[in-house]
Amino acid sequence: MRGIDTVIIEKRSRDYVLSRIRAGVLERGLVDLMREAGVSERMDREGLIHEGFDIAFSDRCHHVDLAGLTGGATVMVYGQTEVTRDLFDARDAMNGIIIDEAEEVLPQQVDSDRPYVSFRKGGKTHRVDCQFIAGCDGYHGVSRTVIPSAVRQIYEKTYPIGWLGVLSDTPPVSEELIYVHHPRGFALCSLRSATRSRYYIQCDSSAQLETWSDNRFWEELKRRLPESAAASLVTGPSIEKSIAPLRSMVVEPIRYGRLFLAGDAAHIVPPTGAKGLNLAASDIGFLSQALVRFFTEADESALTDYSAKALRRIWKAERFSWWMTRLLHQLPAADSFDQRIQKAELEYLFSSRAALVSLAENYVGLALE
Ligand code: PHB
């Protein structure tokens, strides 16, 4: 890219990465980034532009007119897995190196000007010498731990609930997403296309996937949907089913020497609001700009600013994801006062344009600055 050589070192196989189902709502910033990078052709053809979504409570759907509230901003419904597939294809087309199924990957000497990454593959230890390392190895990755504990601060919150998700080749119950607040727990109706649906229900964090037959899932989902939606729900066999934990986490700083963390290696958001991929993309947007500036203009200032700049946006998305999670779920620790506040907040939201504008501008994605 722009004459800068890059090597991707990946723990998993390509098939594994492309079989994982993640969220599917792209902010305009990510859509723009895909276009600028020249990898948007399929997204622009197959992605669905959404101008709004619904929040259901007390058995009624309330509309959030994203475009109307934000002066025309929309989101794109396109699966994260498809974004990943398009990036793999683009990487292949430029003959970019991807070393997959690499074991024991470890950034080394990151506080020197000769960092390198060591890893094992094919029974041998290898190393890649480089100028900079982007630590994009997710929440369970090793990059974050390379920052000495005396330097790094971790902020974390776990929610004692999970999301049970089902993907099915059934027509979606609605063209737009429906986020559901219900006494039995949160639910979400999402989609990937006119023939493929993605549904979630809040479950206990201890829930076992094996105890959730398709039938049990559909029955529970139906009980949580407003009557009109429940009546038109089309069910069918699941093609993927998984449980995701809900947690918030931020590490600071996200730069240490020549190591720059991005995405889930640096922060986790609960899935409510679909900010995870978008935040990873804005990190990478900032980082790639900073690297280009360094290599083309010998200007290091954007690299120096990376951590503080990315963290300002990260914390705002953390706040929004936390807020939307608390607004819509039944949290085991909530007492009767908390429940009344939650109800008042939902009612306030749909009686105040100011409150709705705040929700909408966060949902479509805050400015990249
Ligand atoms: C999804 O389609 O998987 C999805 C959509 C919206 C969310 C989370 C997940 O907030």
Side-chain angles (χ1 to χ4, degrees), residues 9 11 22-23 27 29 104-118 130-162 205 244-291 294 300-326 329 331 333 362 365-369:
I9 305 169
K11 177 178 181 181
R22 295 287 188 267
E27 293 175 355
E104 297 171 37
V105 181
L106 187 61
Q108 309 240 27
Q109 307 283 331
V110 300
D111 53 353
S112 77
D113 56 6
R114 288 167 179 258
Y116 65 96
V117 179
S118 62
C130 56
Q131 279 171 284
F132 297 103
I133 300 169
C136 310
D137 51 355
Y139 180 70
H140 299 287
V142 73
S143 294
R144 186 170 63 252
T145 67
V146 169
I147 304 179
S149 52
V151 174
R152 77 172 187 238
Q153 177 93 31
I154 292 181
Y155 302 87
E156 198 156 22
K157 185 172 288 294
T158 54
Y159 310 82
I161 52 174
S205 47
L246 268 66
R247 85 166 66 85
S248 301
M249 184 281 290
V250 181
V251 60
E252 290 186 354
I254 59 171
R255 176 213 180 153
Y256 182 68
R258 298 279 179 137
L259 172 69
F260 296 79
L261 303 182
D264 286 6
H267 44 75
I268 290 282
V269 287
T272 334
K275 291 291 172 225
L277 171 65
N278 292 297
L279 216 43
S282 58
D283 292 348
I284 289 300
F286 292 146
L287 183 57
S288 59
Q289 264 177 13
L291 287 168
F294 175 82
E300 209 173 323
S301 59
L303 284 175
T304 306
D305 293 346
Y306 169 73
S307 181
K309 182 171 179 177
L311 279 164
R312 275 198 295 278
R313 192 168 196 279
I314 290 163
W315 275 113
K316 288 179 195 158
E318 288 284 345
R319 184 207 69 81
F320 177 67
S321 305
W322 163 88
W323 173 80
M324 209 167 157
T325 298
R326 284 197 333 166
H329 291 78
L331 292 172
N362 278 280
L366 296 175
L368 291 169
E369 288 183 27

Do you know which two heavy atoms are closest between S282 and L368, and how far apart they sit?
CB-CD2, 3.5 Å
Keeping the roles fixed (side chain from K11, backbone from G141), state whether a donor-acceptor pair exists under 3.5 Å.
no
Measure the shortest side-chain to side-chain distance between T272 and S321 over non-hydrogen atoms and say whether it is less than 4.5 angstrom.
no
Quick one: pull up CG in D305 and CZ in R255 and give me the separation to the nearest 0.5 Å.
9.5 Å
Which residues share a ring-ring contact (aromatic ring centres under 6.0 Å, His included) with F286, sequence neighbours left out:
none
Assess the residue pair I133 and V146 against the criterion (side chain to side chain contact (heavy atoms under 4.5 Å, CB included)); give the C-alpha distance rounded to whole Å, side-chain angles, the decisive distance to 0.1 Å, and a yes or no.
CA-CA 12 Å; I133 300 169; V146 169; over 6 Å; no
Taken to the nearest 0.5 Å, the spacing of I147 CD1 from L259 CG works out to 5.5 Å
S248: side-chain hydrogen bond (donor to acceptor under 3.5 Å, both in side chains) partners, not counting sequence neighbours
Y159
Salt bridge (Lys or Arg N to Asp or Glu O under 4.0 Å) pairs, two or more places apart, involving residues 135-149:
none
Between OH of Y306 and CG of L291, what distance do you get to the nearest 0.5 Å?
9.5 Å
Kindly state each residue pair satisfying salt bridge (Lys or Arg N to Asp or Glu O under 4.0 Å) with at least one member in residues 313-322, sequence neighbours excluded.
E27-R313
Please report the closest heavy-atom contact between V269 and A317, naming both atoms and the distance.
CG1-O, 4.2 Å
side-chain hydrogen bond (donor to acceptor under 3.5 Å, both in side chains): pairs with one or both residues in residues 146-158, sequence neighbours excluded
Y139-E156
Distance-minimising heavy-atom pair for L279 and I314:
CD1-CA, 4.0 Å
Applying ring-ring contact (aromatic ring centres under 6.0 Å, His included), name anything that partners F294, two or more places apart in sequence or on another chain.
F132
Supply the atom-to-atom distance L311 CG to L261 CG, rounded to the nearest 0.5 angstrom.
9.5 Å
Please list, chain by chain and in numerical order, all residues satisfying side-chain hydrogen bond (donor to acceptor under 3.5 Å, both in side chains) with Q289, sequence neighbours excluded.
none
Holding to side-chain hydrogen bond (donor to acceptor under 3.5 Å, both in side chains), I want the full list of residues that pass it with S301, two or more places apart in sequence or in another chain.
D299
Quick check: do L246 and S205 have side-chain heavy atoms less than 4.5 Å from each other?
no
Non-neighbouring partners of E252 that pass side-chain hydrogen bond (donor to acceptor under 3.5 Å, both in side chains), sequence neighbours left out:
W315
Do the side chains of I161 and H329 get nearer than 4.5 Å, heavy atoms only?
yes
What pair of heavy atoms forms the shortest contact from Q108 to S118, and how long is it?
NE2-OG, 2.8 Å
Side chain to side chain contact (heavy atoms under 4.5 Å, CB included) partners of A134, counting only residues at least two apart
C136, L287
Partners of A302 by side chain to side chain contact (heavy atoms under 4.5 Å, CB included), sequence neighbours excluded?
A290, R293
Test: side-chain hydrogen bond (donor to acceptor under 3.5 Å, both in side chains). Region: residues 256-267. Which pairs qualify, not counting sequence neighbours?
H267-D283
